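Note sheet for the following structure.
Everything quoted here is computed from the prediction, not taken from an experiment.
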Amino acid sequence: MKNKLDDNSLKNGKSGRLNGKISHDIDVHHLYHKTSLFSKIALVMSSVLLCVMLTALYISYNNNTQRVVKDIKVMMNTFSPLIIDAAIYKDTETSIELNRSLETHKKILSLSLYDLDGNLIHFYEKNDGNSYAPLAQTPGLSIYEGNYTLTYPVSFNGDNIFNYVIYYSSAEIIRTILIQLFVFILPFFFYYLHFSLHVPQGDKTTDIFD
């Protein structure tokens with residue numbers, strides 16, 4: 001009789017531990033699927049936000065670039081009387097005045113001025129310790145050694161009289177893009193940090209038998 005009670009107690013104990021194990025495994029299984037679903041949602045949201053971020057950065061870069069082109073065109077057309085005196089009449093004082101005017105624009109690294117036949121008639125370089133050479137004419141906007149080159153005509157009374165090549169520093173625009181990129185990434189970093197610290201890992205399962 002006592003042996004039967006012992007056997008029943010052993011069976012009941014094993015059955016209780018088995019039920020506990022099954023219940024624990026079900027909880028872990030639900031937790032895994034809940035965490036997996038949350039991770040998939042987070043991945044989709046991150047992908048969408050990444051696309052939005054890249055689009056915003058491209059728009060910002062494009063807007064800044066077009067602003068540079070517009071500002072340079074306005075500036076050079078404003079300087080056209082000085083350019084005419086310096087290039088056509090070889091007026092030394094006007095050449096000096098033109099160079100001094102260009103010095104106030106800190107982002108302009110060099111200016112190569114060509115006549116309509118492609119002959120170099122004036123050259124300016126920024127006095128920043130670097131050596132700059134006249135750049136070849138590449139119509140429109142292009143990139144050279146990480147900076148902009150802008151090649152456009154100078155107009156006077158509606159006629160093109162010269163072509164200029166301006167070597168323009170892109171450092172400020174790149175810095176602006178990097179700051180915007182940092183601002184976009186920072187919330188993702190804190191979100192990931194919060195997620196990694198607060199997602200429950202689940203208890204380790206134990207064997208049915210000791």
Side-chain angles (χ1 to χ4, degrees), residues 49-187 189:
L49 290 175
L50 179 62
C51 292
V52 172
M53 178 188 71
L54 293 176
T55 302
L57 291 177
Y58 172 77
I59 292 173
S60 176
Y61 172 79
N62 187 65
N63 288 342
N64 279 286
T65 300
Q66 293 305 315
R67 177 182 55 80
V68 168
V69 172
K70 181 179 178 180
D71 290 346
I72 291 297
K73 285 182 176 181
V74 171
M75 181 196 72
M76 292 303 293
N77 284 328
T78 302
F79 287 168
S80 59
L82 292 177
I83 294 173
I84 291 173
D85 289 343
I88 296 179
Y89 301 111
K90 309 297 181 182
D91 189 334
T92 304
E93 291 184 1
T94 305
S95 296
I96 295 173
E97 183 180 353
L98 175 61
N99 289 343
R100 285 177 178 172
S101 298
L102 291 170
E103 286 175 357
T104 62
H105 298 270
K106 303 299 183 183
K107 302 179 189 66
I108 295 179
L109 304 177
S110 72
L111 164 70
S112 306
L113 191 64
Y114 296 90
D115 62 22
L116 297 181
D117 294 325
N119 301 310
L120 182 67
I121 54 178
H122 185 79
F123 178 70
Y124 158 82
E125 62 177 328
K126 183 178 179 180
N127 185 20
D128 60 356
N130 296 315
S131 179
Y132 301 99
L135 298 177
Q137 300 183 67
T138 305
L141 176 71
S142 58
I143 302 295
Y144 176 72
E145 294 185 351
N147 295 311
Y148 294 116
T149 59
L150 300 96
T151 305
Y152 293 98
V154 178
S155 299
F156 187 73
N157 291 334
D159 296 322
N160 295 337
I161 53 175
F162 301 111
N163 293 321
Y164 64 84
V165 181
I166 284 184
Y167 193 39
Y168 189 94
S169 174
S170 62
E172 183 175 332
I173 292 177
I174 292 175
R175 184 165 53 250
T176 300
I177 297 297
L178 290 177
I179 291 173
Q180 291 175 341
L181 183 61
F182 176 76
V183 170
F184 274 117
I185 290 177
L186 196 60
F189 172 75

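Interatomic distance, CD of Gln66 versus CG of Leu141, reported as 7.5 Å (0.5 Å rounding). In this structure, the separation between CD on Glu103 and CG on Asp128 is 11.0 Å, given to the nearest 0.5 Å. A distance of 7.0 Å separates CG in Asn160 from CG in Leu116, rounded to the nearest 0.5 Å. The line from CG of Leu111 to CG of Leu150 is 11.0 Å long, rounded to the nearest 0.5 Å. Taking CG of Leu113 as the reference point, atom CD1 of Ile83 lies at 5.5 Å (rounded to 0.5 Å). We find the CD1-CG distance between Ile84 and Leu98 to be 11.5 Å, quoted to the nearest 0.5 Å.
Note: Tyr148 and Tyr168 have tilted aromatic rings, judged against thresholds of 30 and 60 degrees for the angle between ring planes. In this structure, Tyr164 and Tyr152 have tilted ring planes: the angle between them lies in the 30° to 60° band.
Scanning all heavy atoms of the two residues, the minimum distance from Ile174 to Gly146 falls at CD1-O, 4.4 Å. Considering all non-hydrogen atoms of both residues, Leu82 and Ser101 come closest at CD1-OG, 4.2 Å. A pairwise comparison of heavy atoms in Asn163 and Asp115 identifies ND2-O, 4.4 Å as the closest pair. The minimum heavy-atom distance between Ser60 and Ile177, with the atom names listed, is OG-CD1, 3.7 Å. Across Tyr167 and Glu145, no two heavy atoms sit closer than the pair OH-CB, 3.6 Å. Scanning both residues, Pro134 and Ser112, for their nearest heavy atoms gives CA-OG, 3.2 Å.
No donor-acceptor distance shorter than 3.5 angstrom exists from the side chain of Lys126 to the backbone of Ile108, with no hydrogens or angles considered. Not a single donor-acceptor pair under 3.5 Å links the side chain of Asn62 to the backbone N or O of Tyr58.
A heavy-atom distance below 4.5 Å is found between the side chains of Leu102 and Met75. The shortest distance between side-chain heavy atoms of Asp71 and Lys107 does not fall below 4.5 Å.
The side chain to side chain contact (heavy atoms under 4.5 Å, CB included) test with Tyr114 singles out one residue from Leu120, Asn119, Val154, Thr151, and that residue is Leu120.
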(message) Pair Asn99, His122 - check side chain to side chain contact (heavy atoms under 4.5 Å, CB included), show working.
(response) CA-CA 10 Å; Asn99 289 343; His122 185 79; 3.0 Å; yes
